[in-house]
Amino acid sequence: MQYFEKISETTILVSATAASAMAVIAVYYVFTVSQKPRIHTSNNRIRNFLQDRVKTLDDKYYPSIYFWEGRLQSVMGLRLRLSPTFKLPYRREIVPLSDGGEVGIDFMEPDEKNVKGPPLKVFLLPGLTSSSQTSYIKTLAMCILKAGATVIVFNHRGLGGVPIKTPRLYSASNCDDVSEVVAYLKKKYPGERMIAIGTSMGGMVFCQYIIQNPEEARETFICAMAISICWDAVNGVANLEKPFVNHYIINYGLTQNLKFLSRKYREVLEVRDCWDFNKILRSTNLREFDSSFTAPQFGFPSALDYYKSANIVDDTEKFTIPVFGFSAADDPMQPIECLPIEQAESPGSNLAMIVTMRGGHLGFLEGPLPLRKPFHYLERVVGDFVHAVRLYGEEMRGDKEVNDNSNTNSTCNHR
């Protein structure tokens, strides 16, 4: 008691306040931050597939206690996965394109001796300036491989170490290159089961492919997953122009990556007379860059016209295969009010939206400590999803089941 008598009232008050604050934060985290993902769809077959086969979605998602806010999740998502020095041993193939360009696609196959059940090919499309060796693509590839499927990573033009040969890069509204690579894969793997997983811009491009090639998509792919994609590009870019983190960190960082890419290939690109390269390199945000570079490159009079062309939210009724959107409500580019939840819940929809309350843009970090590790919530969901589709994918389309009753656990476990 003598010890406590020596402690000043100020010290006791400060300690009590700190303890109360921590208690409040803990209660807020447990009951508000940590929640089960919500599934929005009118399609009972798709809903039943998720509820019966993708068991990770039954559990609460506990975001990192250090980075549960969406913008922090987005910024730290690349930094708390695999180191840039860690390289996956892909097998590279170069696919020539009809306009004289070419892209690299990277393959990783599972050990067939360790895989029970039917084979599956997963066509993985990275985001805006990402490639097969980008941190989150590597961890997704590892989970897909662990789920017993072959990984096929599509590298956009100029990325993945394959230089451009023609004065053209890529955009979120143009799926020509994807269409040609899909044709290449159909010849390479005739009649084999395939799904697509697109992240951010890669998911936007693949959704455009489904919309523009509905019958081919139906014949080629069982389903698709679109992770953290910008369903509404017009509002997506507007959201990135909000202060402070959105505009000065996320928007600025993406713009610098695009400027680096255009500067790298300036000698090849500058032969076209549709742009002023000095103006391109003075861009300070995505809208300025797209106004000077992307829009004129693909024949749009303005960046706004380009963004309208890249919108998917109004065309989801054209999906001819099941599409699973996986997004966070606090994604700084595409918050919950921009997600096509109403479209997913409308009659006859082929879209299911899986929405977590937290996770940001391609973040979905979890764990008690802010340490680098390969597998977070994103990887667990994708690994579980791929494993389920490989064994039971035909259930969601009403086809004959191809499962061999394998009990193999090939999902990415939380570590």
Measure the shortest side-chain to side-chain distance between Ile152 and Leu124 over non-hydrogen atoms and say whether it is less than 4.5 angstrom. no
Inspect the surroundings of CD in Glu342 and state if more than 12 heavy atoms from other residues, nucleotides or ligands are less than 6.0 Å away. no
For Tyr252 and Tyr248, I'd like to know if the aromatic rings sit close, meaning centre-to-centre distance below 6.0 Å. no
Do Phe49 and Arg47 pass the side chain to side chain contact (heavy atoms under 4.5 Å, CB included) test, and can you show the C-alpha distance, the side-chain angles, and the key distance before you say yes or no? CA-CA 5 Å; Phe49 173 81; Arg47 181 185 294 278; over 6 Å; no
For the backbone of Thr284 and the side chain of Glu288, can you confirm whether one donor and one acceptor N or O come within less than 3.5 Å of each other? yes
Would you check if the side chain of Ser131 reaches a backbone N or O of Asn155 as a donor-acceptor pair within less than 3.5 Å? no
Tell me the closest heavy-atom pair linking Ala295 and Ser302, and the distance in Å. CB-O, 3.6 Å
Looking only at side chains, do Ser98 and Glu180 share a donor and an acceptor under 3.5 Å apart? yes
Find out whether the Lys NZ or Arg CZ of Arg157 is both under 6.0 angstrom from the six-membered ring centre of Tyr170 and within 45° of the ring's axis. no
Is it true that Asn213 and Arg218 share a donor-acceptor pair across their side chains at a distance under 3.5 Å? no
Are any side-chain N or O atoms of Thr199 and backbone N or O atoms of Gly127, one a donor and one an acceptor, separated by less than 3.5 Å? yes
Under 3.5 Å, side chain of Ser130 to main-chain N/O of Pro126, donor-acceptor pair present? no
Using a strict cut-off of less than 4.0 Å between a Lys/Arg side-chain nitrogen and an Asp/Glu carboxylate oxygen, indicate whether Arg287 and Glu241 qualify as a salt bridge. yes
Using a 4.5 Å cut-off on heavy atoms from C-beta on, say whether the side chain of Val153 contacts that of Ile105. no
Do the charged groups of Arg91 and Glu109 touch, with an N to O distance under 4.0 Å? yes
The single option from Phe385, Phe364, Trp231 that satisfies ring-ring contact (aromatic ring centres under 6.0 Å, His included) with Phe326 is Phe364
Run the side chain to side chain contact (heavy atoms under 4.5 Å, CB included) test on Met353 and Gln343 for me, step by step, so that the C-alpha distance in whole Å, both residues' side-chain angles and the decisive distance to 0.1 Å come before the verdict. CA-CA 9 Å; Met353 288 301 301; Gln343 289 84 342; over 6 Å; no
So, Glu93 side chain and Gly104 main chain: donor-acceptor pair closer than 3.5 Å or not? no
Is Lys186 atom NZ crowded by more than 12 heavy atoms from other residues, nucleotides or ligands, each under 6.0 Å away? yes
Looking only at heavy atoms, what is the nearest atom pair of Lys138 and Phe86, with distance? NZ-O, 2.5 Å
Go through the steps to decide whether Ile321 and Ile222 satisfy the test side chain to side chain contact (heavy atoms under 4.5 Å, CB included), and finish with yes or no. CA-CA 7 Å; Ile321 60 173; Ile222 298 172; over 6 Å; no
Is the distance between the ring centroids of Phe293 and Tyr306 under 6.0 Å? no
Counting heavy atoms not belonging to Glu112, are there more than 12 under 6.0 Å from its CD? no
Taking Lys259 for its side chain and Leu281 for its backbone only, find out whether a donor-acceptor pair lies under 3.5 Å. yes
Is it true that Tyr392 and Asp52 share a donor-acceptor pair across their side chains at a distance under 3.5 Å? no
For atom NZ of Lys279, is the number of surrounding heavy atoms from other residues, nucleotides or ligands below 6.0 Å larger than 12? no
Under a 3.5 Å distance rule, please check whether Asn246 uses its side chain to pair with a backbone N or O of Lys242 as donor and acceptor. no
Arg272 atom CZ: more than 12 heavy-atom contacts under 6.0 Å: yes
Does any donor atom in the side chain of Thr139 or Glu379 lie under 3.5 Å from an acceptor atom in the other side chain? yes
Could Lys308 and Asp305 be called an ion pair, given the rule that one side-chain N must be under 4.0 Å from one carboxylate O? no
Answer with yes or no whether the side chains of Thr220 and Glu216 bring together a donor and an acceptor at under 3.5 Å. no
Quick check with a 6.0 Å cut-off and a 45 degree axis cone: is Lys165 positioned over the face of Tyr265's six-membered ring? no
Residues Arg168 and Asp177 bridged, charged N to O under 4.0 Å: yes
Tightest non-hydrogen contact, residues His361 and Pro332, listed as N-CD, 3.9 Å
Does CG belonging to Asp273 count more than 12 external heavy atoms closer than 6.0 Å? no
Hey, could you give me the CE/CG distance between Met333 and Leu240, rounded to the nearest 0.5 Å? 4.0 Å
Nearest heavy atoms of Asp106 and Ser132, plus distance in Å: OD2-OG, 2.6 Å
Is the count of non-hydrogen atoms from other residues, nucleotides or ligands lying under 6.0 Å from Phe260 atom CZ greater than 12? no
Arg81 NZ/CZ over Tyr136 ring centroid, <6.0 Å and within 45° of normal: no
